[in-house]
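Order of the sequence lines sets the chain letters (A, B, ...), proteins ahead of strands, with each chain counted from 1.
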Number of protein chains: 2
Amino acid sequence: MNKQRRQFLIKEIISDKAIGSQDELAKELKKAGEIVNQATLSRDMQEMGISRINTMHGARYQFNLEGEEKRIRTLISIEIQNIHSNETMVVVRTLPGRAQGVAEMIDSLKLPGVLATLAGDNTIFIAPSSVKKVQSVELALRTFIAKEDS
Amino acid sequence: MNKQRRQFLIKEIISDKAIGSQDELAKELKKAGEIVNQATLSRDMQEMGISRINTMHGARYQFNLEGEEKRIRTLISIEIQNIHSNETMVVVRTLPGRAQGVAEMIDSLKLPGVLATLAGDNTIFIAPSSVKKVQSVELALRTFIAKEDS
DNA sequence: AATAATTATGTAACTTAATGCATAATTATT
DNA sequence: AATAATTATGCATTAAGTTACATAATTATT
């Protein structure tokens, strides 16, 4: 059992080629040395937030909204170093070189009360829609980060 | 129990202020609403790769080498989309805007056979020290990513 | 609508994780 | 070296996670 590796391979495989079914995916995984049955893949898909969609060239898999959100949460919870605020804005510190990416993801979350973000190399300023909302913006961000993976 | 949140808070707290002991850390966590005892924190420190170091202003905690490696592994395994290679180099695809950061981390790993990396926005070229080493470089990277967290 | 293909899920067996408590072991201080 | 402070760990317990197998449910095809 190596779930980590298996799920990394799943992500890779579906991003590389159009896979039409979970059985087919199982075969691809087997090529890469991971033997697993279809039931497990069904659960992986669920857990990773991957959906089957129909294209004109047949079915394939891709991350759905829930999967994207989960990936964002996991990612920024590592990239974010700490969160502070003063009377007028929220300040987020990130790992070096990640502020830009994290800020974009925060934007994409459309958290209530967020007016805009501005990112340098490892620092993000979050301007609230009103200075009265500073606290609730910080809380919203923290809540998002700590949300249980469903 | 919310280990995710607790460990995020630990990271944040130790990056914010000098904490002198695990009991003190437990108190800080309590302020943030997480009640936990010292034994659990000892295990968290172990798991997160955090060490106590003595400075002239007293003891404090920081990530050690193992902790850094673990963070890097977790981070790039999310940021990396897929890995391929041809006869002459390894190509890594990342999430948008992460190639630069991932490439730097790959450099820092000093994997055997890696001559240099060059990153755009979501693509990294890894030049091997010899074209004969392309395969082993790809494998080394995959192995690092999939390594079990000890 | 029947059939085939695909996916989801209940069950069961088993493994691993999480964490408090008490206490041992280690490290720092006097 | 004694004492105090700090950290690590054995034990016990409870909760979650993992996955195969069989089969039900759903979705696509003819």
Let me know the distance between [atom1] of [X] and [atom2] of [N], rounded to the nearest Å.
X	N	atom1	atom2	answer
Met48(B)	dA18(C)	CE	P	13 Å
Met45(A)	dT19(D)	CE	P	15 Å
Asn37(B)	dA12(D)	CG	C1'	14 Å
Gln4(A)	dT18(D)	CD	C1'	14 Å
Leu41(A)	dT18(D)	CG	P	14 Å
Ile19(A)	dT7(C)	CD1	C1'	16 Å
Ile50(B)	dA8(D)	CD1	P	12 Å
Arg5(A)	dT18(D)	CZ	P	17 Å

Open item on the list: Please determine whether a side-chain nitrogen or oxygen atom of Lys3(A) lies at a distance below 4.0 Å from atom OP1 or OP2 of dT18(D).
Closed with: yes

Closest to the [X] side chain, choosing from [options]:
X	options	value
Ser42(A)	dA18(C), dT9(C), dT19(D)	dT9(C)
Gln22(A)	dT7(C), dT19(D), dG20(C)	dT7(C)
Ser21(B)	dT7(D), dA20(D), dA8(C)	dT7(D)

Task: Of Asn2(A) and Thr40(B), the one whose closest DNA chain D nucleotide lies more 5' - done: Thr40(B)

Task: Intermediate values then yes/no, salt bridge (charged side-chain N to carboxylate O under 4.0 Å, His left out), Lys31(A) and Glu28(A) - done: CA-CA 5 Å; Lys31(A) 282 189 202 167; Glu28(A) 289 293 326; 3.2 Å; yes

Open item on the list: I need the Thr117(A) OG1 to Gln100(A) CD distance, nearest 0.5 Å.
Closed with: 8.5 Å

Task: Inter-residue atom distance His84(B).NE2 - Asp16(A).CG, 0.5 Å rounding - done: 3.0 Å

Thinking salt bridges, do [X] and [Y] make one under a 4.0 Å N-O criterion?
X	Y	result
Lys3(B)	Glu47(B)	yes
Glu79(B)	Arg98(A)	yes
Arg142(B)	Glu138(B)	yes

Task: Shortest non-hydrogen separation from Ile124(A) to Ala119(A) and the atoms involved - done: CG1-CB, 4.1 Å

- [ ] Kindly give the heavy-atom pair with the smallest separation between Ala32(B) and Leu9(B), and that separation in Å.
- [x] CB-CD1, 4.0 Å

- [ ] Could you give me the stems involving DNA chain D, meaning stretches of three or more consecutive Watson-Crick or G-U wobble pairs whose two defining distances are both below 3.5 Å?
- [x] C:1-30 with D:1-30

Open item on the list: Counting only heavy atoms not in Leu65(A) (residues, nucleotides, ligands), do more than 12 fall under 6.0 Å from its CG?
Closed with: no

- [ ] Summarise how protein sits on nucleotides 22-30 of chain C as a single string, 5' to 3': B when a protein heavy atom is under 4.0 Å from the base, S for sugar-phosphate-only contact, - for no contact.
- [x] ------S--

- [ ] Determine whether any donor atom in the side chain of Arg43(B) lies under 3.5 Å from an acceptor atom in the base of dG20(C), or the reverse, and answer yes or no.
- [x] yes

